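Because the structure is predicted, anything quoted here is derived from the model rather than measured.
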Amino acid sequence: DQVITGYYDRTIKMWDLRNGNKMIIEETKDSIHYELCVARNLIRNNSIVYGGGSAEIVCSIVVEAVADRYPEVE
């Protein structure tokens with residue numbers, strides 16, 4: 001069973017949320033809301049602020065580079 005079915009044309013956007021428990025449907029609605037906010041913000045200002053763990057990845061790369069200076073330490 002599908003949780004989301006969609007219909008789209010140039011003027012109408014509609015999603016039909018079904019066949020899920022209340023938590024799944026609420027999470028799906030939140031995800032759709034976040035996606036629409038991202039699209040709106042990109043239209044307003046197309047500069048990108050990276051997310052999704054990118055700060056943690058950059059920190060990990062820097063820590064690894066510094067750790068490589070000390071080969072005696074595992």
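Checked against side-chain contact (heavy atoms from CB on, under 4.5 Å), Cys59 has no partners two or more places apart in sequence or in another chain. Among residues two or more places apart in sequence or in another chain, the side-chain contact (heavy atoms from CB on, under 4.5 Å) test is passed with Arg69 by Val66. For Glu27, the salt bridge (charged side-chain N to carboxylate O under 4.0 Å, His left out) test picks out no residue, with sequence neighbours left out.
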Residues Tyr34, Asp30; criterion side-chain contact (heavy atoms from CB on, under 4.5 Å); working and verdict: CA-CA 6 Å; Tyr34 298 147; Asp30 287 344; 4.1 Å; yes

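Note that the CE atom of Met23 and the OG1 atom of Thr28 stand 9.5 Å from one another [nearest 0.5 Å]. Atoms CG and OG, on Leu36 and Ser31 in that order, are 11.0 Å from each other to the nearest 0.5 Å.
Chaining together hydrophobic side chains whose heavy atoms lie under 4.5 Å apart places Ile57 alongside Ile61.
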